[in-house]
Amino acid sequence: MKKMLDTLLEHHQPDNVLVAFDAGKTTFRTEMFADYKGTRAKTPPELLEQLPYIREMLDHMGLKWHEQDNYEADDIIGTLAKKAQSQDFEVIVVTGDKDLTQLADTHIQVDVTVKGVNEIKSYTPDYFEEELGITPLQLIDMKALMGDNSDNYPGVTKIGEKTALKLVQKYGSVKELYNHVDEMKKSKMKENLINEKEIAFLCYDLATIKVDTPLDFDLADTALQPQNSEQLVSFYQKMNFKSFLDKEVLDSQFDQNTQEEISYTVLNNEEDAQKLSDIVEGPVIFQLELFGENYHEADFVGFCLGINGKYFVSSNIELLTTSAIKQILESSRINKWVFDVKRTIVGLRRLGVTLRAVDFDMLLVSYLLNPDHNQNDLGELAQSYNYFDAKSDVQVYGKGAKKSLPDEDGLFEHLSRKARTIESIKSDLMKQLTEHNQDQLFDEIELPLAFVLAEMEIIGIKVQASTLQEMSVILSQQLQEIETKIYEQAGEEFNINSPKQLGQILFEKLNLPPVKKTKTGYSTSVDVLETLKKKSPIVSDILDYRQIAKIQSTYVNGLLKTIHSDQRIHTRYLQTLTATGRLSSVDPNLQNIPIRLEEGRKIRHAFVPSNEESVIFSSDYSQVELRVLAHMSEDENMQEAFKSDYDIHSHTAMKIFNLSSPEEVDGNMRRQAKAVNFGIVYGISDYGLAKNLDISRKQAQTFIDQYFAQYPKVKQFMDDTIDQAKADGYVETLMHRRRYLPDIHSRNFHLRSFAERTAMNSPIQGTAADIIKIAMINMQKALQDKQLRTKMLLQVHDELIFEVPKDELAIIEELVPQVMTSAIQLDVPLVVDSSYGQSWYQAK
DNA sequence: GTACTCACG
DNA sequence: ACGTACGTGAGTACA
């Protein structure tokens with residue numbers, strides 16, 4: 001309700017507003033017809049309870065509301081609409097009730113919400129003419145004949161919407177119809193019409209919305225009043241409206257910090273742009289505005305250049321390619337300050353402009369200062385630093401279906417304010433960066449990495465659609481077969497994809513024992529189904545179905561949708577999202593392409609080199625996280641294992657099972673030791689390890705004790721890290737990437753434990769991320785320096801994927817591992833494994 | 001929009 | 001007694 005009001009006000013920017021309510025159950029209509037709305041369900045009591053609060057909120061918002069005894073809201077609206085129309089207002093009626101569309105007229109538009117409030121259908125006289133061939137007022141004549149079920153008046157027997165429309169089109173009105181009713185051919189309908197003439201006229205009156213309700217207020221009383229932010233804030237507090245509260249507090253802050261004016265110069269044409277040609281010194285603030293998240297394809301909206309405290313804006317994006325501006329952006333001497341450098345590089349490249357010399361990225365810096373601040377919105381981010389110059393994009397453009405561009409002035413002001421925000425916040429953020437000891441992390445890792453990632457995204461990777469399409473055919477067939485089998489065994493058809501329906505079949509109809517519950521019902525996840533496998537053959541079929549359905553929907557069909565016209569997939573790496581410093585990949589995610597199971601792994605056949613002279617080449621770090629742990633903890637035993645190049649899991653097995661030689665380690669011991677190693681990296685707990693290995697907690701605890709006894713400095717490191725988190729409020733990677741852990745002090749066991757595990761895991765996962773990021777930067781530079789044609793295409797956390805011309809293979813097989821292993825100097829060696837082939841599948 | 005499930009490191 | 005292994009993204013169902 002509140003949300004809808006906000007969007008309406010935002011969208012229409014009205015001068016006058018009235019919200020009308022129904023007063024009560026009895027109106028002049030019930031006097032005319034006792035059963036009027038007789039079948040209508042009682043207003044739900046919870047809505048009734050809310051009404052006084054809604055009215056209070058309207059008061060605070062400065063909106064007039066009204067209800068009137070004996071009349072419906074419709075009549076108030078109808079009367080006011082006509083009154084406003086006669087005084088040359090543009091009227092918009094917003095309602096969920098189609099009946100009101102009869103009010104549509106010149107200068108009166110009726111917007112009916114459909115499907116909740118997300119979609120609106122606008123009714124105008126033209127629309128009526130086009131769609132129905134009648135006027136809005138003739139809707140009343142139709143209703144007179146067909147009646148209205150929801151308002152419970154009958155109309156003429158046997159006449160429904162279709163017939164009513166035909167009759168109204170033919171005769172024009174009910175009155176005219178009855179003037180000519182005798183001339184009609186003999187029919188049952190004619191009889192009904194004649195017999196029920198009185199009913200028809202009664203219904204006509206019932207359907208007619210009053211436009212002469214005696215209102216005790218004037219049009220001027222509906223003028224929008226300034227809203228009372230203070231009262232609204234306390235109202236939201238009282239009502240526990242958290243989401244609106246935040247917005248209101250922010251808005252009122254905007255009010256209080258009466259925004260400083262901003263002026264800008266509009267660049268209208270090339271001549272205007274050319275006037276910027278004497279710029280030889282930076283910094284230049286540059287804001288490139290796109291409409292949509294995916295900058296590989298989003299529309300260009302405009303740009304702003306901030307130069308010497310002046311702001312130059314334009315929505316003519318071509319002006320970026322005029323020599324004056326292009327020179328500024330491509331100059332390696334003039335420094336540029338931006339928000340989201342990677343987005344800016346890719347966007348400009350689409351215009352043939354190569355961005356160089358960026359030395360400040362507000363998004364990147366604030367992410368490093370605190371990775372929880374991963375807002376991709378300049379305004380919101382600035383507001384969190386108490387800079388109230390720029391609004392958020394949602395405040396300016398709106399959200400969801402309502403998202404749209406403001407007028408040109410609004411847009412230019414927004415862009416200029418964004419540029420000014422980047423400019424004014426810079427010294428503050430850079431100062432904090434230095435205080436955090438993160439200058440190197442920004443200058444030498446994240447900022448150069450953004451350029452490397454941009455190139456990878458722009459190049460993309462070739463994906464053979466035909467390979468996926470062939471898979472799709474086979475998978476569909478398999479799905480069909482399994483589906484039939486499952487329905488047979490279940491004795492009925494149901495939606496296998498619905499956990500709810502599946503749960504009912506398995507645990508209620510087939511009476512299998514429910515192993516685990518979720519918040520909403522039975523769990524049907526893999527581990528549950530695995531334990532039920534032996535109880536009923538249907539379970540295996542469901543597991544098979546799940547596996548294939550996943551491949552089909554997410555990978556085959558999902559990937560097909562993302563192939564561009566150049567036959568390539570251009571993912572976007574999110575560089576400022578994860579809490580640990582890893583990248584993530586979206587649209588599509590190329591970091592979770594199946595590999596563990598053969599069926600899914602086949603997807604990788606579709607990822608191929610650009611041409612037959614090249615191969616896909618892949619190198620991955622072996623056990624980076626454990627090596628990082630060995631380094632950071634300085635544990636001699638663990639370091640020894642890596643220095644001697646032992647199999648780390650077997651080595652751990654020997655330690656925790658007290659064996660004296662590697663030969664004594666059997667497969668099961670190694671498997672368990674591997675799980676313990678993983679657990680350590682995740683921030684071990686007996687509970688988690690027990691669950692993973694399906695052993696008792698006690699036994700898990702024994703493993704852990706044994707592990708820490710054998711790797712004592714690992715234990716020490718874990719304890720120290722938690723202590724540090726408690727003392728400083730954050731933990732750090734080797735390169736000083738930070739993660740804050742406020743929950744470390746929580747009295748809530750669950751939250752505190754989580755924070756403790758995070759404290760142990762983040763420095764390890766994050767340092768591994770630092771390392772591969774350095775490797776990527778060095779790798780790109782090496783390729784460039786050596787003028788190789790090899791392209792770096794993808795990163796999957798501990799793995800880099802390249803496209804390599806065969807004549808460069810020999811060099812690359814040496815170069816990549818060399819660069820990756822030397823990215824950083826640890827107390828233990830880094831090890832890299834490589835492979836290549838004619839597709840990503842073969843590069844294993 | 002949230003819950004569930006499952007793909008990856 | 002408490003009760004979760006760490007970090008992600010996407011498809012589907014359902015309110």
Side-chain angles (χ1 to χ4, degrees), chain A residues 3 116 118 243 371 374 399-400 494-503 516-529 542-543 545-559 561-562 571-574 577-597 599-601 603-604 620-625 629 675-693 697 700 704 739 747-766 768-769 772 794-799:
Chain A
K3 220 170 168 178
N118 293 323
S243 56
N374 52 12
K399 225 181 9 190
F494 64 101
N495 189 344
I496 307 168
N497 289 317
S498 161
K500 195 173 155 203
Q501 293 182 37
L502 182 61
K516 207 169 72 178
K517 273 193 280 187
T518 66
K519 274 184 244 175
T520 51
Y522 311 108
S523 170
T524 65
S525 60
V526 227
D527 45 327
V528 171
L529 295 189
I542 289 165
L543 283 166
Y545 178 91
R546 282 255 180 92
Q547 200 200 338
I548 298 171
K550 174 82 179 178
I551 298 170
Q552 176 78 311
S553 66
T554 305
Y555 296 104
V556 175
N557 295 337
L559 284 177
K561 276 184 236 160
T562 66
T571 186
R572 280 157 50 228
Y573 289 103
L574 305 187
L577 182 135
T578 70
T580 54
R582 273 189 177 183
L583 300 175
S584 88
S585 158
V586 292
D587 294 341
N589 182 356
L590 292 185
Q591 291 182 321
N592 71 347
I593 303 301
I595 189 165
R596 292 172 191 166
L597 299 172
E599 292 87 336
R601 190 174 197 156
I603 293 286
R604 294 177 176 231
D620 66 290
Y621 283 113
S622 161
Q623 311 292 351
V624 241
E625 293 190 343
L629 176 61
V676 178
N677 276 329
F678 268 96
I680 292 291
V681 170
Y682 291 155
I684 195 104
S685 74
D686 54 355
Y687 186 88
L689 182 64
K691 212 174 108 195
N692 189 276
L693 280 178
R697 260 175 64 184
I704 295 169
R739 180 172 185 179
R747 269 93 54 219
N748 178 320
F749 171 85
H750 172 60
L751 290 179
R752 191 178 61 249
S753 307
F754 192 12
E756 287 172 358
R757 289 196 300 277
T758 312
M760 296 185 267
N761 171 264
S762 291
I764 301 170
Q765 191 183 115
I772 197 165
L794 302 174
Q795 188 251 42
V796 192
H797 308 306
D798 64 356
E799 177 187 13

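Below, read A as the first sequence line, B as the second, and so on, with proteins coming before strands; counting in each chain starts at 1.
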A:Tyr573 (side chain) donor-acceptor with A:Gln795 (main chain) under 3.5 angstrom
yes
Which whole-number value in Å describes the distance from A:Tyr682 OH to B:dG9 P?
10 Å
NA contact type, A:Ala675, heavy-atom cut-off 4.0 Å: base, sugar-phosphate, or nothing?
base
Distance check needed: C:dT4 C1' versus A:Leu693 CG, whole Å only.
15 Å
Could you check whether A:Ala579 gets within reach of a base, just the sugar-phosphate, or nothing at all, counting any heavy atom under 4.0 Å?
sugar-phosphate
Over all strands shown, is A:Asn589 touching base, sugar-phosphate only, or nothing at heavy-atom distances under 4.0 angstrom?
sugar-phosphate
Among the nucleotides C:dG7, C:dG3, B:dA3, which one has an atom lying closest to any side-chain atom of A:Thr520?
B:dA3
Atom pair OG1/CZ of A:Thr578 and A:Arg739 - distance to nearest 0.5 Å
8.5 Å
Hey, is the main chain of A:Ser762 close enough, under 3.5 Å, to the side chain of A:Thr580 for a donor-acceptor pair?
no
Which base, if any, makes a Watson-Crick or G-U wobble pair with C:dA1, both distances under 3.5 Å?
none
Ignoring hydrogens and geometry, is there a side-chain-to-backbone donor-acceptor pair from A:Thr571 to A:Val586 under 3.5 Å?
yes
In terms of side-chain heavy atoms of A:Thr554, which of C:dC14, C:dG11, B:dC6 is nearest?
C:dG11
For nucleotides B:dC6 and C:dG3, find the distance between their P atoms and express it as a whole number of Å.
24 Å
Considering just the side-chain nitrogens and oxygens of A:Arg757, establish if one lies under 4.0 Å of OP1 or OP2 belonging to C:dC6.
yes
Between the side chain of A:Thr524 and the main-chain N/O of A:Pro499, is any donor-acceptor distance below 3.5 Å?
no
Answer with base, sugar-phosphate or nothing: what part of the nucleic acid does A:Val586 contact at a heavy-atom distance below 4.0 Å?
sugar-phosphate
Looking at A:Arg697 and C:dG3, is any side-chain donor or acceptor paired with a base atom of the opposite kind under 3.5 Å?
yes
A:Arg604 side chain vs A:Pro594 backbone, donor-acceptor pair below 3.5 Å:
yes
For A:Thr524 and B:dT5, is the shortest distance between a side-chain N/O and OP1 or OP2 below 4.0 Å?
yes
Could you tell me how far C:dT4 sits from B:dA3 if I compare only their P atoms? Round to whole Å.
15 Å
For the pair made of CG in A:Leu794 and P in B:dC8, what is the distance, rounded to whole Å?
16 Å
ring-ring contact (aromatic ring centres under 6.0 Å, His included) filter on A:Tyr522, not counting sequence neighbours, yields A:Phe507
Using modelled atom types only, decide if a donor and an acceptor are shared between the side chain of A:Ser753 and the backbone of A:Glu756 within a distance under 3.5 Å.
no
Of the nucleotides B:dC6, B:dG9, C:dA13, which has the atom closest to the A:Asn495 side chain?
C:dA13
Identify whether any heavy atom of A:Phe749 sits under 4.0 Å from a base atom; if not, whether one sits that close to sugar-phosphate; answer base, sugar-phosphate or nothing.
base
B:dC6, OP1 or OP2 - any side-chain N/O from A:Arg596 closer than 4.0 Å?
no
Looking for any heavy atom pair under 4.0 Å, which part of the strands does A:Gln501 touch: base, sugar-phosphate only, or nothing?
sugar-phosphate
Students often get this wrong, so: under 4.0 angstrom with heavy atoms, is A:Ser762 touching a base, only sugar-phosphate, or nothing?
nothing
Check whether any side-chain N or O of A:Lys519 sits under 4.0 Å from OP1 or OP2 of B:dA3, and answer yes or no.
yes
Interatomic distance, A:Tyr545 OH vs C:dA13 P [rounded to whole Å]
8 Å
Any N or O donor-acceptor pair linking the side chain of A:Ser525 to the base of B:dT5 at under 3.5 Å?
no
Nearest-nucleotide check on DNA chain C, A:Phe678 vs A:Ser584; residue mapping nearer the 5' end is A:Phe678
Establish, with yes or no, whether the OP1 or OP2 oxygen of C:dA15 is under 4.0 angstrom from a side-chain nitrogen or oxygen of A:Lys500.
yes
Calculate the interatomic distance between A:Asp527 atom CG and C:dT4 atom C1'; express it in whole Å.
14 Å
Quick one: label A:Leu577 by what it contacts on the DNA or RNA (base, sugar-phosphate, nothing), any heavy atom closer than 4.0 Å.
sugar-phosphate
Looking for any heavy atom pair under 4.0 Å, which part of the strands does A:Gly679 touch: base, sugar-phosphate only, or nothing?
base
So, is A:Arg546 near the phosphate of B:dT5, with a side-chain N or O under 4.0 Å from OP1 or OP2?
no
How is A:Thr518 classified with respect to the nucleic acid when contacts are heavy atoms under 4.0 Å: base, sugar-phosphate, or nothing?
sugar-phosphate
Under 4.0 Å, heavy atoms only, any strand: does A:Ile764 hit a base, just the sugar-phosphate, or nothing?
nothing
I want to verify a distance call: between C:dG7, C:dT12, C:dG9, whose nearest atom is closest to the A:Ser553 side chain?
C:dT12
Side chain of A:Asn592: nearest nucleotide among C:dG9, B:dG9, C:dT4?
C:dG9
How would you label the contact of A:Asp587 with the nucleic acid (heavy atoms, under 4.0 Å): base, sugar-phosphate, or nothing?
sugar-phosphate
Distance between P atoms of B:dA7 and C:dC2 (Å, rounded):
32 Å
OP1 or OP2 of C:dA5 less than 4.0 angstrom from a side-chain nitrogen or oxygen of A:Lys691, does that happen here?
yes
Between atom CD in A:Glu756 and atom P in C:dC2, what is the gap in whole Å?
19 Å
Determine, answering yes or no, if A:Tyr687 is stacked on C:dG3 under the 5.5 Å centre rule and the 30° plane rule.
yes
Given atom CG of A:Leu574 and atom C1' of C:dG7, what is their separation to the nearest angstrom?
13 Å
In terms of the angle between their ring planes, are A:His750 and A:Phe754 parallel, tilted or perpendicular, with boundaries placed at 30° and 60°?
parallel
Would you kindly give the CG-to-P distance between A:Asn677 and B:dG9, to the nearest whole Å?
17 Å
So what does A:Asp798 hit on the nucleic acid, given a heavy-atom distance under 4.0 Å: a base, only sugar-phosphate, or nothing?
sugar-phosphate
Within the 4.0 Å heavy-atom criterion, would you say A:Arg752 contacts the bases, only the backbone, or no part of the nucleic acid?
nothing
